2 protein chains.
Amino acid sequence: MKLTEAKQKFIDSWGAFGTHWGINRTMAQIHALLLVSPDPISQDDVMEQLSVSRGNVNMNIRELIDWGLVERTSIPGERKEFFVAEKDIWKVATTIIKERKRRELDPMLKLMDQLSAIEGDKKDKEAKQFIETMQGIKRFGNQADKMLDVLVKADEHWFVGSLMKFFK
Amino acid sequence: MKLTEAKQKFIDSWGAFGTHWGINRTMAQIHALLLVSPDPISQDDVMEQLSVSRGNVNMNIRELIDWGLVERTSIPGERKEFFVAEKDIWKVATTIIKERKRRELDPMLKLMDQLSAIEGDKKDKEAKQFIETMQGIKRFGNQADKMLDVLVKADEHWFVGSLMKFFK
DNA sequence: ACAAACTTTCAATATTATTTGAAACTTCAG
DNA sequence: CTGAAGTTTCAAATAATATTGAAAGTTTGT
């Protein structure tokens, strides 16, 4: 396979992969493009290479920056803005974990707290089952939360070295 | 909060949560409904409680069964089929992890293998960076894969006991 | 074999999510 | 201050995805 073809395939697949995880295709594709671009690229570059509109590129790059996966940068002598993606996959992954935890897991756990505090007869089968389910999710979520916290704070080498041994 | 209200809130939130993770809203809602139903329920029950069509319920229940999260069951004396969800959240989570690993992570790693085997000059900056990125993803993915394998095979008690200590 | 009860399928339709593009806004050099 | 270069916004258009519902298929009891 030739480099250009491989790049295209990576961008397409990363985009498809994203859609399975609730990330919009274009955002994932822009991320992919930036991941395989050694040098900073501009909005116009992205527009051209992915054939998407200026507005779309602008919005999605903004979101990627918001996630902490992409940075603005400038090139001396150029008026335009350029962008680069974090290339270290460990950092990319921990950033994503951190953000999704904050945006989705944490609020979900807060909700479980509310929901397991319903008023009503604990003898009622429905109520009993409901409270148990909510608490089960809460307990599990808290464990996952703790685990991910440590994971995110850990250094890659420590993780790969000590922890991976643990994971056989 | 009253039980009925709490149930509804849970179903809605589980549905919204699902959409952020690439799972369609109705499928997640049906799952939620089954999670909080102590007894098996029929397609008609789901239709009524969620106000969705028979076809929709049928398709989404089928998919939930395919994922291993829901089971068909029958009630003596009843002609209809009834359904129950796995209630143990640990099992639910490991099932989902197993399935998504198989459906998404494994194929992605296979692709990375192909893509890091491009022909071309390793001196070329673009090619070098590309190969490095692909291998980085592959390495990370393999680690995650291994870790999730152990997690999935582990027993909850072992996990919570021994491993959680490790995760401070 | 018949028909009632129930389940499945899928083309048409509705809904939701994404994308466009042109106008408004900002920045900067001269 | 002016206008060219660049960026952002967002209502409208489009595309992707999910849902409906009626017809076809299946199972079961008599």
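Source: prediction; values computed, not measured. The sequence lines fix the lettering, A, B, ..., with proteins before strands; numbering per chain opens at 1.
Straight-line distance from the CE atom of B:Met47 to the P atom of C:dC6: 13 Å, rounded to whole Å. Distance A:Glu63 CD to C:dT19 P: 12 Å, rounded to the nearest Å. If you measure from atom CD1 of B:Ile61 to atom C1' of C:dC6, you get 13 Å, rounded to the nearest angstrom. The separation between A:Met59 atom CE and D:dT8 atom P is 12 Å, rounded to whole Å. Nucleotide C:dT19 holds its P atom 8 Å from the CZ atom of A:Arg25, rounded to whole Å. Rounding to whole angstrom units, CD1 of residue A:Ile23 and C1' of C:dA17 are separated by 15 Å. Whole-Å rounding puts the A:Ile41 CD1 to D:dT7 P distance at 13 Å. Going from atom CG of B:Leu50 over to atom C1' of D:dT20 covers 15 Å, rounded to whole Å.
You'll find that the side chain of B:Ser53 is closest to D:dT19, out of D:dT19, C:dT7, D:dC10. Closest to the side chain of A:Glu81, from the set D:dT7, D:dT19, C:dT8, is D:dT7.
Between A:Leu151 and A:Thr94, the shortest heavy-atom distance links the atoms O-CG2, 4.3 Å.
Each of A:Glu78 and B:Asn60 has a nearest nucleotide on DNA chain D; the 5'-most of these lies closest to A:Glu78. When each of B:Arg54 and A:Arg54 is assigned the nucleotide of DNA chain D with its nearest heavy atom, A:Arg54 is the one assigned upstream, toward the 5' end. In terms of position along DNA chain C, the nucleotide closest to A:Thr26 lies nearer the 5' end than the nucleotide closest to the other residue of the pair A:Arg79 and A:Thr26.
Using a cutoff of 4.0 Å between basic side-chain nitrogens and carboxylate oxygens, A:Lys2 and A:Glu5 are not scored as salt-bridged. Under 4.0 Å is where a charged nitrogen must lie from a carboxylate oxygen, and between A:Arg102 and A:Asp149 no such pair does. Between A:Glu132 and B:Lys87 there is no salt bridge, since no side-chain nitrogen of the basic residue lies less than 4.0 Å from a carboxylate oxygen of the acidic one.
In terms of phosphate contacts, B:Asn58 brings a side-chain nitrogen or oxygen within less than 4.0 Å of OP1 or OP2 of C:dT8. Dashed line: the shortest gap from a side-chain N or O of B:Thr19 to OP1 or OP2 of C:dT16 is not under 4.0 Å. Within the 4.0 Å cut-off from OP1 or OP2 of D:dT9, at least one side-chain nitrogen or oxygen of A:Arg62 is found. An OP1 or OP2 oxygen of D:dT20 is reached within less than 4.0 angstrom by a side-chain nitrogen or oxygen of B:Asn56.
Ring geometry for B:Trp90 versus A:Phe140: interplanar angle over 60°, hence perpendicular rather than tilted (30 to 60°).
Across all strands shown, B:Ser51 has heavy atoms under 4.0 Å from sugar-phosphate atoms exclusively, and none from any base.
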